[in-house]
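Working notes, beginning with the structure itself.
This structure is a prediction, so every number in the text was calculated from the model and none was measured.
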Amino acid sequence: MIAEKAIQASINGGLLYQWVRKYKIYDYNGLGNKKKGRKFRSLTMKKRDMQKPRKLEKSEYEELIRLRAENEYIKTKIAVIKKGSP
């Protein structure tokens, strides 16, 4: 029956079958186009301003200095180990 109606309407039988199935499940609202793609980003989400980073607190600044010194020490140690290996 669906194949006959599809031929009469000059459309693909599979397409008509999908329309009938959507109509049975979702009623008339199921036949409309559904939005595709990513959902809209919430307006409450804030963009980060990468041009103006926030000021560091004193403890954060001290930790940054300590970590940079530690990083430099480790780099130096690795360089010495590389020179010593054959």
- request: Output yes when Arg66 and Glu62 qualify as a salt bridge under the 4.0 Å nitrogen-oxygen rule, no when they do not.
  value: no
- request: Salt-bridge test for Lys75 and Glu70: reply yes if a basic N is under 4.0 Å from a carboxylate O, no otherwise.
  value: no
query: Any side-chain heavy atom of Trp19 within less than 4.5 Å of one from Ile11?
result: yes
Full working for side chain to side chain contact (heavy atoms under 4.5 Å, CB included) between Glu63 and Arg68: CA-CA 9 Å; Glu63 184 179 10; Arg68 284 182 177 169; over 6 Å; no
query: So how far is it from Lys77 NZ to Tyr73 OH, rounded to the nearest 0.5 Å?
result: 4.0 Å
Ala69 backbone acceptor or donor facing Glu72 side chain under 3.5 Å: no
query: Do the side chains of Leu67 and Tyr61 join up, straight or via other hydrophobic residues, at under 4.5 Å, putting them in one cluster?
result: no
- request: May I ask you to list the residues sharing a hydrophobic cluster with Ile25, side-chain cutoff 4.5 Å, ordered by chain and number?
  value: Tyr26
